[in-house]
Amino acid sequence: MRRKKLGNYGVILIILAGFFQLITLSLDQYVIQIEENNRTIIEKISNHSNEKNYSLENNRLIGSIMRHSFFENLIISAMDFDNKYKEYTDNTKRYFYRNIFKSQHELLGGIISDVNIRDNLCNNTFRDIIPAERAKLVPEKILKLETCKQFEYVKKKALDGVSYLDNYVPKDFSGTQINVDYIEYFLDALLLYFGETQNKKKNILYELNNELHLINQKKQLFLLFSLVSQLLSFLFLLILFRRILK
């Protein structure tokens with residue numbers, strides 16, 4: 001059987017098949033790049049999600065300790081018995097104050113020792129992590145301190161409170177209560193810091209998820225174009241072979 005020469009028509013078919021094959025390859029390469037961006041965003045989402053959950057957990061712990069401290073302070077404030085019960089009252093107050101200091105020290109120790117938190121906190125001054133209206137009430141020398149140093153000092157103050165109450169029963173607990181309130185002020189600052197961090201991470205995650213959704217839509221669209229281009233290339237090759245074999 002005598003086969004036909006390609007002719008101009010056949011050459012055009014080959015060119016068209018090659019053209020659409022090149023388009024297919026280009027689209028596939030672009031999809032690969034999109035997939036790389038996709039993986040990068042997924043990794044960012046994972047990191048920010050972990051930080052958000054960690055901030056939420058720290059907020060929960062700080063809130064729990066502060067509620068516990070408030071309850072114990074409530075009990076302490078209700079223990080003004082007659083003088084004949086003073087020894088019992090003082091020992092009970094010492095027990096509750098010691099528990100408060102111990103909880104504060106353990107909480108701050110767990111938070112400050114975390115590497116990720118130190119990386120974020122230690123790059124700021126105390127002014128940077130508290131609201132502007134609250135900063136007006138804090139002495140300038142404290143605002144200028146590196147945040148980690150300040151919380152290390154607060155943690156030590158809680159430990160000093162435990163040691164003091166282990167060895168001595170104060171005649172007047174007003175100074176002890178002032179120290180408790182002082183430490184709780186900084187715990188409240190941490191509570192606000194983690195709450196703000198949580199909100200920031202939530203907004204970042206919202207934007208990243210939207211970006212991921214758009215990237216996935218784009219990827220599906222280019223995969224569809226690639227498939228169509230591949231089919232067109234096969235179609236022109238099929239027409240070419242049919243013409244040659246006819």
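Throughout, numbering of the chain's residues begins at 1 and tracks the sequence.
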| Can you name the salt bridge (Lys or Arg N to Asp or Glu O under 4.0 Å) partners of Asp166, sequence neighbours left out? | Arg98
| field | Derivation and outcome, side-chain contact (heavy atoms from CB on, under 4.5 Å), residues Asn209 and His213 | value | CA-CA 6 Å; Asn209 281 315; His213 176 69; over 6 Å; no
| request: For Gln217 and Leu221, run side-chain contact (heavy atoms from CB on, under 4.5 Å): C-alpha distance rounded to whole Å, both residues' side-chain angles, the deciding distance at 0.1 Å, then the answer. | output: CA-CA 6 Å; Gln217 281 188 326; Leu221 184 62; over 6 Å; no
| Going through the checks in order, is the salt bridge (Lys or Arg N to Asp or Glu O under 4.0 Å) test met by Lys102 and Glu106? | CA-CA 6 Å; Lys102 187 172 184 293; Glu106 290 176 350; 2.6 Å; yes
| task | Would you check if Asp188 and Tyr185 make a side-chain contact, meaning some heavy-atom pair closer than 4.5 Å? | result | no
| message | Salt bridge check, Lys149 against Glu152: does any charged N sit closer than 4.0 Å to a carboxylate O? | response | no
| task | Just say parallel, tilted or perpendicular for the rings of Phe186 and Phe151, cut-offs at 30° and 60°. | result | perpendicular
| request: List the steps, then state whether side-chain contact (heavy atoms from CB on, under 4.5 Å) holds for Leu143 with Thr125. | output: CA-CA 6 Å; Leu143 292 175; Thr125 62; over 6 Å; no
| request: Taking the side chain as every heavy atom from C-beta outward, state whether Ile111 and Ile62 have any atom pair closer than 4.5 Å. | output: yes
| Minimum-distance pair of heavy atoms, taken over all atoms of His105 and Leu159 | CD2-CB, 3.5 Å
| When clusters are formed by joining ILVMFWY residues with side-chain heavy atoms under 4.5 Å apart, either directly or through shared neighbours, do Ile12 and Phe20 land in the same one? | yes
| request: Assess the side chains of Asn124 and Thr147: does a donor N or O sit below 3.5 Å from an acceptor N or O? | output: no
| message | Does any part of the side chain of Glu57, heavy atoms only, come nearer than 4.5 Å to the side chain of Phe194, both counted from C-beta? | response | no
| task | Would you indicate whether Glu140, at its atom CD, is surrounded by more than 12 heavy atoms from other residues, nucleotides or ligands within a distance under 6.0 Å? | result | yes
| said: Are more than 12 heavy atoms, taken from residues, nucleotides or ligands other than Tyr54, located less than 6.0 Å from that residue's OH atom? | reply: yes
| Do the side chain of Ser26 and the main chain of Leu22 share a donor and acceptor less than 3.5 angstrom apart? | yes
| said: Between Lys219 and Leu223, is there a side-chain heavy-atom distance shorter than 4.5 Å? | reply: yes
| query | Leu191 and Gly63: which non-hydrogen atoms are nearest, and at how many Å? | reply | CD1-N, 4.0 Å
| For Phe19, does the CZ atom have more than 12 heavy-atom neighbours from other residues, nucleotides or ligands under 6.0 Å away? | no
| Donor-acceptor pair between Gln104 and Ser69 side chains, under 3.5 angstrom | no
| request: Return yes if some donor-acceptor pair links the side-chain N/O of Ser103 with the main-chain N/O of Ile65 below 3.5 Å, else return no. | output: no
| message | I'd like to check Ser226 versus Val31 (side-chain heavy atoms, cut-off strictly below 4.5 Å). Are they in contact? | response | no
| said: If you define the side chain from C-beta out and look only at heavy atoms, does anything of Asp90 sit under 4.5 Å from Phe173? | reply: yes
Distance-only criterion, 3.5 Å: show the donor-acceptor pairs between side-chain atoms of residues 201-208 and protein atoms not counting sequence neighbours.
from	atom 1	to	atom 2	distance (Å)
Lys201	NZ	His48	ND1	3.2
Lys201	NZ	Glu51	OE1	2.6
Asn203	ND2	Asn199	O	3.3

| Are the side chains of Leu240 and Ile14 in touch, meaning some heavy atoms are under 4.5 Å apart? | yes
| query | How about Leu187 and Val154: do any of their side-chain heavy atoms sit closer than 4.5 Å? | reply | no
| request: Specify the closest pair of heavy atoms between Phe101 and Ala158, including all atoms of both residues, with the distance to one decimal. | output: CB-O, 3.5 Å
| remark: Apart from Leu227 itself, its cluster of hydrophobic side chains linked below 4.5 Å comprises Leu231
| request: Give the minimum heavy-atom separation between Ala17 and Ser233, together with the two atoms involved. | output: O-OG, 2.8 Å
